[in-house]
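Comments concern the structure below.
Just so we're clear, the structure is a prediction, and the values are computed from it rather than from any experiment. So you know, we letter chains A, B, ... as the sequences are listed, proteins then strands, and number each from 1.
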Amino acid sequence: MTLQHQYRPINPRLGTHYAVFASTIASLVLILAMLEQLGTRKLWLSHIMIISPMILYAGVAIMTRTLNVHEFFSAGRRVPAVFGGLSLAVTAIGGVGFFALTGCLYLIGYDAFALALGWAAGFAVCAILFTPFLRKSGAYTLPGFFRQRFDSRVIGAVAALLLLPPVLMLLAAEIRIGAFVTSLFVSISFELAVVIGATLVAAIAVLGGMRSVSWTQCVLYIVIIGTFLVPVTILSLEVTNLPLPQLTYGGLFERLSAQELSIGATQAGPVTIEAALPGERPEPALKPFMAPFGALSQSDFILLLFCFTAGTAAMPSLLMRSGTAPSVFESRRVIGWGIIFFGLFLISAPAYAAFTKFITLQQIASALPGQMPDWIAGLRDAGLADFSDRNGDGKFDASEMLVSRDGVTLALPIIAGYPFIFAVMVAAGGISATLAASIAHALAAGTAIGEDLICGLVYRSPTAAKRLLFSRLGIIATGAGVAWLVAVVDFDILPSVAWAMSLAASTFLPGLSLSIWWPRFNIWGLLAAMIAGFGVTAGYIFLTKFSGSEPWFGLSHLLAATFGVPAGFAAGVGVTYLTPEPKPAVRAIGDEIRDPSGETIYDRVVRLSIAADAASDPN
Amino acid sequence: MAEDQQRIHHRLWTLAIAATFLAAVAILIFVVPLVVGELNTYFLFGIPVGFYMAAQGTVIIFAILVFWAAGQQEVLDRKLGAAEDN
């Protein structure tokens with residue numbers, strides 16, 4: 001409260017600004033659509049459509065640049081709940097949601113809800129367990145919270161080290177998918193797209209830290225949800241006469257089931273989770289859309305859901321956002337709005353998948369027998385779809401159509417026969433989604449390196465300039481490191497997201513819940529919880545995936561948090577009871593975090609140190 | 001002494017809200033997918049209920065739950081003198 005007058009209040013014209021951004025993008029699409037009809041070359045259209053939004057985002061980041069520590073790390077604590085919700089939603093959607101989730105829904109139908117529901121439930125869990133308490137603490141980063149809670153710089157550095165693997169895995173997955181889509185539509189190589197993407201991500205995060213990340217993400221949400229909804233809404237209008245795909249796709253189910261039956265898509269028995277989750281290569285969509293547990297077994301579905309819930313709830317790049325809300329009350333609502341905005345995407349994605357599947361099967365069925373619709377050639381050249389002569393009769397039929405998981409979202413406008421600009425628009429939206437998630441992950445990783453590793457270990461009380469410098473260097477190092485990793489290592493994004501979720505869940509969920517909710521919890525317990533959780537999960541993934549050990553209870557390495565989270569809790573509670581009770585000062589901080597009233601703890605520390613400096617200054 | 005009691009009161013009620021909330025979330029994500037076969041015999045907007053819950057229902061209920069819990073917590077904070085503005 002006391003600090004508030006030093007900063008500008010919430011900007012009353014925020015809504016107007018974002019309306020202007022939204023109409024700029026809409027008019028860009030309309031102008032390009034007209035130019036396409038006038039015969040402008042496709043190459044020009046795709047370049048303009050993909051590059052100009054990036055310039056807009058960079059512009060927002062430049063406008064929100066800052067040299068103030070409080071602005072850099074927490075956007076001045078004046079992001080209202082609605083806008084905080086927008087930022088949270090895009091961080092969670094990302095390119096993984098935009099492309100991979102939609103593709104999984106297309107290929108394995110109901111079973112892909114394990115991912116979608118896991119993300120949504122993770123939001124809900126962190127709203128009640130963590131967010132308001134982190135906001136009361138006011139720490140800028142998750143390791144910073146541990147440092148403040150237990151008054152130890154070492155624990156912050158340990159947490160920062162353990163934070164890097166999951167966050168960097170997510171960042172690498174986002175950059176990879178973003179660069180892949182960019183290289184499809186812009187005439188540059190994949191490697192160059194990686195470098196440009198990582199540079200843009202690092203630039204936005206470096207310019208204004210949390211401040212520019214927050215406000216850029218709000219623009220990004222508008223672009224992402226708009227580009228995602230426009231094609232499927234038009235298709236819904238064409239097929240069902242109602243422009244509400246989320247409500248109308250129920251009416252498709254009977255026709256979709258009949259189509260699926262006619263191509264021989266039947267309920268296959270559950271297979272292992274690695275085989276069930278679609279990979280990057282094109283594959284046939286032979287699992288009925290609606291049937292539950294045709295690909296994943298019921299227990300794998302529930303456990304995958306658990307891993308994603310726990311991982312999302314404890315994801316450092318999402319938890320960092322709690323510091324930006326103006327108050328503890330507001331921080332609770334941020335998550336509510338986050339679920340609403342993320343939910344709009346989550347309830348549209350199955351509609352998108354259902355309509356894409358319907359139109360694909362309809363187009364193939366209405367083509368001449370044995371002939372392929374002409375869009376297949378285009379999709380095949382881009383590597384998004386393929387066909388295989390499975391039954392060896394030399395003719396093409398619908399069951400022989402293979403679709404690549406990450407290509408489903410891009411394929412809808414092409415298959416439905418919309419103007420080329422629609423496909424590019426969806427691509428631009430998807431690239432924006434990867435950018436939106438990447439900047440949050442890059443900021444979380446970079447500030448962990450700068451603020452908690454370097455400043456935390458080296459300086460007792462670092463100056464503002466040093467904190468900004470090292471965090472910025474940390475972000476640049478993160479961007480460079482991940483760009484190198486993505487360009488050199490060939491990996492599939494979905495398993496790496498699943499591993500990142502498991503790692504984040506088992507490292508931070510036990511330690512964070514115990515340090516907020518259990519007064520007896522001490523620093524040794526936290527250390528044990530984080531190391532045991534991380535060790536068990538990382539060890540399990542390594543042993544079963546890379547060194548060929550037998551999995552325990554037949555559980556895949558994609559479900560590693562099933563062992564990691566209980567191990568973290570057990571180690572945390574056990575070690576706490578074996579070591580002395582926490583000091584009264586540490587207990588007092590724990591008590592204060594749970595009381596919503598009073599000044600934000602971090603801000604009070606800053607205020608007192610400023611006052612002490614002023615008092616000791618002879619002038 | 002009265003203040004201490006008020007604080008314990010606040011703690012317990014906060015815990016009760018959180019426990020109710022987490023129980024609801026656990027039912028939605030762990031129990032509803034278990035009985036999806038039975039739920040699929042009912043229909044909503046032409047969509048089988050089991051599928052509808054996973055596709056839309058659960059997410060909508062989450063949003064309502066979060067705002068409900070935030071509202072309850074605010075009422076509690078005000079009543080027990082833990083609101084931010086005092």
Side-chain angles (χ1 to χ4, degrees), chain A residues 1 105 109-110 113-114 116-121 123-125 127-129 132 136 246-254 289-293 298 301-302 305-306 309 327-333 335-340 342-344 346-347 349-351 354 517 591 594-599, chain B residues 6-7 10-11 14-15 17-22 24-26 28-40 43-74 76-78 80-86:
Chain A
M1 283 294 130
L105 284 164
Y110 180 91
F113 285 129
L117 286 182
W119 281 324
F123 270 42
V125 169
I128 205 79
L129 282 186
K136 176 65 201 292
Q246 298 87 347
L247 294 180
T248 55
Y249 75 109
L252 282 185
F253 280 174
E254 239 167 81
F289 186 70
M290 307 235 325
F293 315 127
Q298 200 155 9
F301 181 91
I302 303 263
L305 186 48
F306 166 75
T309 304
S327 67
V328 177
F329 282 4
E330 201 85 342
S331 77
R332 297 187 185 117
R333 302 195 181 284
I335 309 269
W337 285 107
I339 294 187
I340 289 181
F342 188 32
L344 179 59
L346 285 182
I347 66 178
W517 290 88
D591 284 342
R594 295 182 61 184
D595 179 5
S597 65
E599 193 176 353
Chain B
Q6 212 172 35
R7 207 173 71 183
H10 182 258
R11 283 269 170 96
T14 308
L15 205 60
I17 294 174
T20 320
F21 183 90
L22 289 181
V25 171
L28 282 169
I29 65 171
F30 296 137
V31 179
V32 171
L34 281 181
V35 295
V36 62
E38 288 75 52
L39 290 176
N40 271 348
F43 288 86
L44 195 70
F45 302 121
I47 308 179
V49 172
F51 185 91
Y52 181 83
M53 282 306 289
Q56 305 187 354
T58 306
V59 178
I60 295 170
I61 298 175
F62 280 155
I64 297 171
L65 269 177
V66 169
F67 279 107
W68 169 82
Q72 290 296 308
Q73 188 71 45
E74 275 172 34
L76 183 71
D77 290 350
R78 289 229 174 77
L80 295 176
E84 271 172 288
D85 33 350
N86 54 358

Greatest number of heavy atom pairs closer than 4.5 Å to chain A - which of B:Gly37, B:Gly71, B:Ala18, B:Ala54: B:Ala54
Part of B:Leu34 within contact of chain A (heavy atom distance under 4.5 Å): both
Sort A:Glu254 into side chain, backbone, both or neither according to what part of it lies under 4.5 angstrom from a heavy atom of chain B. neither
Heavy-atom distance under 4.5 Å to chain B: side chain of A:Thr309, backbone, both or neither? side chain
Give, as side chain, backbone, both or neither, the part of B:Val66 having an atom under 4.5 angstrom from any heavy atom of chain A. side chain
With chain B as the partner, which of A:Phe123, A:Phe342, A:Trp517 has the greatest number of non-hydrogen pairs under 4.5 Å? A:Trp517
What are the two closest heavy atoms between A:Ile339 and B:Val59, and how far apart are they? CG2-O, 3.9 Å
Turns out that what part of B:Leu65 lies under 4.5 Å from chain A's heavy atoms comes down to neither
Side chain to side chain, B:Arg7 and A:Asp591, heavy atoms closer than 4.5 Å: yes
So what's closer than 4.5 Å to chain B heavy atoms on A:Leu129: side chain, backbone, both or neither? side chain
Check B:Ile29 against A:Ala121 and note the closest heavy-atom contact, atom names and distance. CG2-CB, 3.7 Å
Between B:Pro33 and A:Tyr110 the two heavy atoms that sit nearest each other are CA-OH, 4.0 Å
Using the six-membered ring wherever Trp is involved, compare the ring planes of B:Phe51 and A:Phe113 and label them parallel, tilted or perpendicular (cut-offs 30° and 60°). perpendicular
For A:Arg594 versus B:His10, what's the shortest heavy-atom pair and its separation? O-CE1, 4.1 Å
Interatomic spacing from CG in A:Leu247 to CD1 in B:Ile47 - rounded to 0.5 Å: 7.5 Å
Aromatic rings B:Phe30 and A:Phe306: how do their planes relate, parallel, tilted or perpendicular, breaks at 30° and 60°? tilted
Could you tell me whether a side-chain N or O of B:Gln56 sits under 3.5 Å from a main-chain N or O of A:Gln246, the two making a donor and an acceptor? yes
Nearest atoms (heavy-atom pairs only) where A:Phe293 meets B:Val36: CE1-CG1, 3.5 Å
So, for B:Phe21 and A:Ala124, which heavy atoms are closest and what is the spacing to 0.1 Å? CE2-O, 3.1 Å
